[in-house]
Protein chains: 2
Amino acid sequence: MSRPTIAGVARAAGVSVASVSRVLNGLPATVEMVERVQRAVEQLGYVPDARARSLKVGRTFQLTLAVADVGNPVYVTMMRAVEEVVSAAGYRLVVTTTGPDVVDEVALVRGMARGYADGLVISPLRVDDDLIKSIRECDVPVVVAGNVPASAGVDTIRANSPKGMLLAVEHLLQKGRRRIAFVNGPVDTVPGAARAKGFAEAMKANGLRSVAEVEAIDFTFAAGREAARELLSGLPRGASGRPDAVIAANDLLAVGLMHELAADGLEVPKDVAVVGMDDSELAEQSFPPLTSVNLGSAERGRRAAELLLARIEDDTRTPRRIVVQPTLSVRRSTP
Amino acid sequence: MSRPTIAGVARAAGVSVASVSRVLNGLPATVEMVERVQRAVEQLGYVPDARARSLKVGRTFQLTLAVADVGNPVYVTMMRAVEEVVSAAGYRLVVTTTGPDVVDEVALVRGMARGYADGLVISPLRVDDDLIKSIRECDVPVVVAGNVPASAGVDTIRANSPKGMLLAVEHLLQKGRRRIAFVNGPVDTVPGAARAKGFAEAMKANGLRSVAEVEAIDFTFAAGREAARELLSGLPRGASGRPDAVIAANDLLAVGLMHELAADGLEVPKDVAVVGMDDSELAEQSFPPLTSVNLGSAERGRRAAELLLARIEDDTRTPRRIVVQPTLSVRRSTP
DNA sequence: ATGAAAGCGCTAACAA
DNA sequence: TTGTTAGCGCTTTCAT
């Protein structure tokens with residue numbers, strides 16, 4: 001026996017399909033009607049078809065969150081926050097992974113026009129004109145958790161990387177570290193570019209010059225190790241040429257770095273202090289626990305979800321651009 | 001201007017909607033027809049509506065993966081593997097989180113009947129009769145990545161925890177550790193129960209008695225720390241009463257444990273060796289890198305996806321129950 | 001090869 | 001309050 005439809009329920013209950021629909025949607029009906037319908041529903045094990053419903057009402061009550069890499073713990077934090085807001089509003093959240101390529105992001109955004117979901121929160125790693133264009137043309141509301149130009153005319157919610165860098169640099173300075181190196185992710189990404197700029201500014205503002213800078217090929221643990229090896233091998237062996245602190249562009253890179261420091265016989269924080277960014281779960285799980293710049297991923301997730309819900313309600317709102325301020329979570333990787 | 005429909009394209013191209021549909025689906029048509037349709041599609045920026053299509057053809061070309069906790073790195077591995085298989089087969093993968101409660105799992109499985117996706121891979125933490133019933137009654141194919149009774153009559157693909165435990169215990173034994181303790185997750189979960197049983201058997205098979213056993217309230221880092229505190233506080237302070245090795249039921253618990261060991265001034269692996277389970281990315285990221293039982297999460301993910309695709313093709317196949325064999329990834333947390 | 005039309009399962013006018 | 005009915009956008013017979 002195949003799945004029962006609303007027509008089957010109507011037949012079983014001896015009422016019209018419209019009445020079944022009404023009862024199911026809580027619209028006014030006599031107690032007797034409600035009872036008959038519910039009995040029939042129960043008996044047949046009827047479950048309304050979401051596709052048919054959404055085809056009719058034009059809404060799926062699903063929202064999509066697209067992230068670049070599920071393995072990056074910063075997205076876990078964000079996901080949790082988005083999930084909370086979204087489910088409280090009666091939506092299901094589905095998560096999809098885009099990978100590091102902008103073409104996949106564009107394909108995803110374009111695909112949203114097919115009606116998979118009522119809205120999208122996307123945290124793009126790389127942004128180009130194609131992506132912005134696809135977002136603008138997207139039939140469903142999109143909010144960007146990241147940095148796109150104001151001219152894109154889209155709701156965005158982003159971190160303040162420069163401010164975060166300042167926090168990191170000044171914390172290190174205050175701890176007496178002045179020979180600071182930097183492990184960034186790819187500078188052709190949005191966060192990579194922002195952090196490069198932020199680092200340069202923060203150093204300059206404090207009259208410092210960086211001891212060394214390397215760029216990992218992506219924001220992963222493995223890339224962090226690789227970059228750290230490059231960093232360490234490029235340095236004179238003597239202690240005087242070495243950095244006494246390293247800032248990493250995210251926690252995964254920082255943890256990768258710490259492994260290489262240990263492999264080189266360097267102790268954290270005694271010989272080298274390390275500061276990560278994102279303040280993800282990994283920061284407290286790492287050993288030693290990692291001092292990390294909290295870029296507000298939970299708040300960004302929460303507010304992105306709120307922005308999306310608001311725009312679904314009212315598509316004429318003028319786009320908002322929210323910036324979340326960073327804080328510093330000090331742990332034992334800095335003295 | 002609202003989204004163009006197939007009718008709009010037909011009008012613009014001066015052909016019938018049937019012809020548009022045919023061209024879009026690659027069915028035979030004259031070159032001229034194909035050209036006219038494609039021009040109209042291009043011009044209007046037409047994108048077919050997946051909801052309407054799936055209502056008609058009865059398929060969404062979406063598959064769902066449901067996991068209990070996105071913060072558990074074992075699911076990252078599994079997700080990646082599932083994603084690979086599924087997207088190669090032309091499906092989109094959507095990931096949803098159920099949380100630790102079985103009622104949420106049941107709700108999810110029931111909800112699948114609404115037609116959100118063509119199939120489901122679920123890795124349930126807790127299993128009860130309701131869940132099994134909902135899986136059996138589910139209108140779309142479900143494969144369980146985990147352990148449910150054969151009587152459930154459902155495709156399953158599971159790890160061999162007892163064998164994994166044996167690997168762990170014998171490795172420790174071989175390294176000269178005999179005073180072994182165990183940090184498990186909740187025993188009312190499927191993995192928790194399996195690991196408790198496996199640990200008991202493995203110890204018995206080697207003529208060993210466990211020094212101590214604790215049960216964390218869930219499979220998280222925080223719970224691991226908590227459980228480890230309990231473990232350590234229940235032990236005599238003298239070295240002779242202390243375990244010289246601890247096995248943890250997953251990597252998160254193991255890392256939590258290592259933090260508490262360090263807080264107690266105990267060195268890993270010198271004073272205490274630690275073995276985790278899952279061999280997730282966290283195992284290599286932790287410090288020291290964690291020896292971990294590889295329960296084949298990538299392979300389980302891959303084969304679960306394959307099983308699901310096969311069942312979508314042919315729903316009459318007799319259910320398969322695949323067991324993936326474990327291996328041990330030795331790292332520096334054991335001597 | 002192409003077009004007309006039925007209908008997937010549901011909701012929302014509109015009528016009664 | 002309840003029933004009848006027209007679609008939502010698409011695919012797929014069945015004619016032509």
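Below, chain A is the first sequence line, B the second, and so on; all start at residue 1.
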(message) Once side chain to side chain donor-acceptor pair (under 3.5 Å) is applied, do any residues pair with B:Tyr46, and if so which ones, sequence neighbours excluded?
(response)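 In terms of side chain to side chain donor-acceptor pair (under 3.5 Å), with neighbours along the sequence ignored, B:Tyr46 is linked to no residue.
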(message) A:Asp314: which residues meet the side chain to side chain donor-acceptor pair (under 3.5 Å) condition with it, sequence neighbours left out?
(response)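 If we apply the side chain to side chain donor-acceptor pair (under 3.5 Å) test to A:Asp314, skipping adjacent residues, the hits are A:Thr316.
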(message) Under the side chain to side chain donor-acceptor pair (under 3.5 Å) definition, can you give me all pairs with a residue in residues 95-112 of chain A, not counting sequence neighbours?
(response)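 Every candidate side chain to side chain donor-acceptor pair (under 3.5 Å) pair involving residues 95-112 of chain A fails, so no pair, neighbours aside, qualifies.
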(request) Sequence neighbours left out, what pairs pass side chain to side chain donor-acceptor pair (under 3.5 Å) with at least one residue falling in residues 133-143 of chain A? (result)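 Qualifying pairs: none.
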(request) Without swapping roles, check the side chain of A:Ser21 against the backbone of A:Val17 for a donor-acceptor pair under 3.5 Å. (result)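 Not at all, since once roles are kept as given, no pair shorter than 3.5 Å links the two residues.
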For residues 57-64 of chain B, dump all side-chain donor-acceptor pairs below 3.5 Å to protein atoms at least two apart in sequence or in another chain.
| residue | atom | partner | partner atom | Å |
| --- | --- | --- | --- | --- |
| B:Arg59 | NH1 | B:Tyr91 | OH | 3.1 |
| B:Thr60 | OG1 | B:Gln62 | N | 3.1 |
| B:Thr60 | OG1 | B:Asp118 | N | 3.4 |
| B:Thr60 | OG1 | B:Asp118 | OD1 | 2.9 |
| B:Gln62 | OE1 | B:Arg92 | NE | 3.4 |

(request) Scan nucleotides 1-8 of chain D nucleotide by nucleotide, 5' to 3', and note B when protein non-hydrogen atoms come under 4.0 Å of the base, S if they reach only the sugar-phosphate, - if neither. (result) SBBBB-BB
Sequence neighbours excluded, which residues qualify as side chain to side chain contact (heavy atoms under 4.5 Å, CB included) partners of [X]?
X: B:Val76; value: A:Val70, B:Arg80, B:Glu281
X: B:Arg22; value: B:Ala18, B:Ser19, B:Leu27
X: B:Val148; value: B:Val127, B:Val144, B:Ala152, B:Val154, B:Thr156
X: B:Arg158; value: B:Asn147, B:Arg321, B:Val323

(request) Walking along DNA chain C from 5' to 3', note the first and the last nucleotide with an atom under 4.0 Å from a heavy atom of chain A, and give both. (result)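 Both ends considered, the range comes out as C:dG9 to C:dA13.
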(message) With each end axis built from five pairs of C1' atoms, what bend angle do you get for the helix from C:dA1-D:dT16 to C:dA16-D:dT1? Round to 10°.
(response)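 The angle separating the two end axes equals 40°.
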